[in-house]
Amino acid sequence: MYLGLDLGTSGVKALLMDADQKIIGSGHGSLDVSRPHHGWSEQDPADWIRATEEAIAELKAAHPGEIAAVRGIGLSGQMHGATLLDASGKVLRPCILWNDTRSFAEAARLDADPRFRKIIGNIVFPGFTAPKLAWVKANEPDVFARVAKVLLPKDYLRLWLAGEYISEMSDSAGTSWLDVASRRWSPELLAATGLGTEHMPSLVEGTDLAGMLRGELASKWGMGQAVTISGGAGDNAASACGMGTVRPGAAFVSLGTSGVLFAANGAYLPNPESAVHTFCHALPNAWHQMGVILSATDSLNWLSNITGKDAAELTRELGDDLRAPTGVSFLPYLSGERTPHNDAAIRGSFTGLAHEIDRAGLTQAVLEGVAFAFRDSLEALANAGTSLTRVTAIGGGSRSRYWLKSIATALGLPVDIPADGDFGAAFGAARLGLIAAEGADPHQVCTPPATAETIEPVATLAGAYDEAYQRYRKLYPAIRGAM
């Protein structure tokens, strides 16, 4: 048996998988986010341990015999969090999370230093780890003076599980301290924030052995005394391992609260000017790129709240056949946008409204707007040298066939729908646990799921969609000047 632990923002998921990669069961422990000031987002690392204990206890209660057979554990987690420890391993302050924006000024200052984009291949976003430490240094100097180690959230779990200060490439690529091409810490960038390599954990690949479960915990959970822990992955790279998106050219589109267009690469292909994330993958000698939309299903949920109709009702009103764009455009920038604009201040808009536009017309425009935002990410990936031939759809929004037809037509790519199953970050982490425990071939383990259905672009609407996309592209500069 193999255990995947995924430390998310709202909870910890523990997923148990057998040697044939059949999911045996899962458990969950809940988490809350503290927001003591506007733009702040924090968690107490002690709550991560409590939630992990709850998730494993739930799993053990349902599957005690299977828990006893665990040989490997893989870790996944929310990225970018700054967990600050003193020389004794004590937590110095609550962890500053990925969606905390307090360090926007520090991020801009670091991003203006040309060494950062050159070495990390990315914009320095306020959510990344390095600007958070710059903020602590400026605003909490007593805390900064005592920092001995900086850990990412899942790696704090590893410290508890195994007593080791270790991280891996995919998660560390989101700190703004990693030389992403060379897959090592950059002393130069660490020094720019008053730190050195001694403040960082050691680095392994996500498929490597990265500690052994402490005997005390193994006994408590009814496991054996030789349980390995893999390097693991950041949440998106772990999801890609769960989806089998590991070979160059493989890609998925995630239609969740936010949206992600994720592409696996066999080489380092940065394009920071388009706000594309270029990170190390969880597998050796592999990288990945992500275009990120901040409001994907969130845009449809916003319209649902306005109209009083739930999201499924709104999409049902459109029927099954894809409609030609009406001339109404929707920009889904309800909380700013990441790719390609890197603009936290921009906000959304409807344009082209007329008397004849009804509720279904607004829904259609919202779905098209998100589809065109994915097209923006596709164009940004293409500018970085990544060519895609198809994508797999995951996330709650992928239940709408109409939306998938719109995305397929906007991208000009077939969209595959996977057969039923759980292919998320916890499953990917369990796969990494299996690879590390058994020395298995990552490409034989991280295979894609069977395809249940393929949604093809609607060829007869390709021209109309291209015209609507060009109209969409012209709107951002116009509304930016009005903000």
Interatomic distance, H281 atom NE2 to T245 atom OG1 [nearest 0.5 angstrom]
7.0 Å

With the threshold set at 4.0 Å, does a side-chain nitrogen-carboxylate oxygen contact exist between D6 and K13?
no

Taking D320 first and then R401, would you say they form a salt bridge - that is, a charged N and a carboxylate O separated by under 4.0 Å?
no

Salt-bridge present (R102, D100; N to O < 4.0 Å):
yes

Side-chain heavy-atom pair R158, I229 within 4.5 angstrom cut-off
yes

Between S167 and S172, do the side chains contain a donor N or O and an acceptor N or O under 3.5 Å apart?
yes

Taking atom CZ of R399 as the centre, does the number of heavy atoms from other residues, nucleotides or ligands within less than 6.0 Å exceed 12?
no

Among Y465, F330, Y476, which residue satisfies the ring pair (Phe, Tyr, Trp, His ring centres under 6.0 Å) criterion with F372?
Y465

Tell me whether the guanidinium CZ or amine NZ of R338 lies under 6.0 angstrom from the six-membered ring centre of F125 and within 45° of its axis.
yes

One thing to verify: whether E456 and K405 come together as a salt bridge, which I'm taking to mean a side-chain N less than 4.0 angstrom from a carboxylate O.
no

Please check if atom CZ in F104 has more than 12 non-hydrogen atoms from other residues, nucleotides or ligands closer than 6.0 Å.
no

With no hydrogens and no angle check, do the side chains of T386 and N265 hold a donor and an acceptor under 3.5 Å apart?
yes

Y469 versus D376, side-chain donor and acceptor atoms under 3.5 Å
yes

Under-4.0 Å salt bridge between E106 and K132:
no

Charged N to carboxylate O under 4.0 angstrom, E168 versus K154?
yes

Here's one to test your reading of the geometry: is the NZ or CZ of R347 within 45 degrees of the ring axis of Y333 and under 6.0 Å from its centre?
no

Can you find a pair of side-chain heavy atoms, one from W177 and one from S186, that are under 4.5 Å apart?
no

The reported gap from CD in E58 to CD in E53 (rounded to nearest 0.5 angstrom) is 13.5 Å

Start with the C-alpha distance between E42 and R35, add both sets of side-chain angles, then the distance that settles salt bridge (charged side-chain N to carboxylate O under 4.0 Å, His left out), and finish with yes or no.
CA-CA 6 Å; E42 300 182 339; R35 302 184 185 277; over 6 Å; no

I need the minimum non-hydrogen distance between L367 and W403, along with the two atoms involved.
O-NE1, 3.1 Å

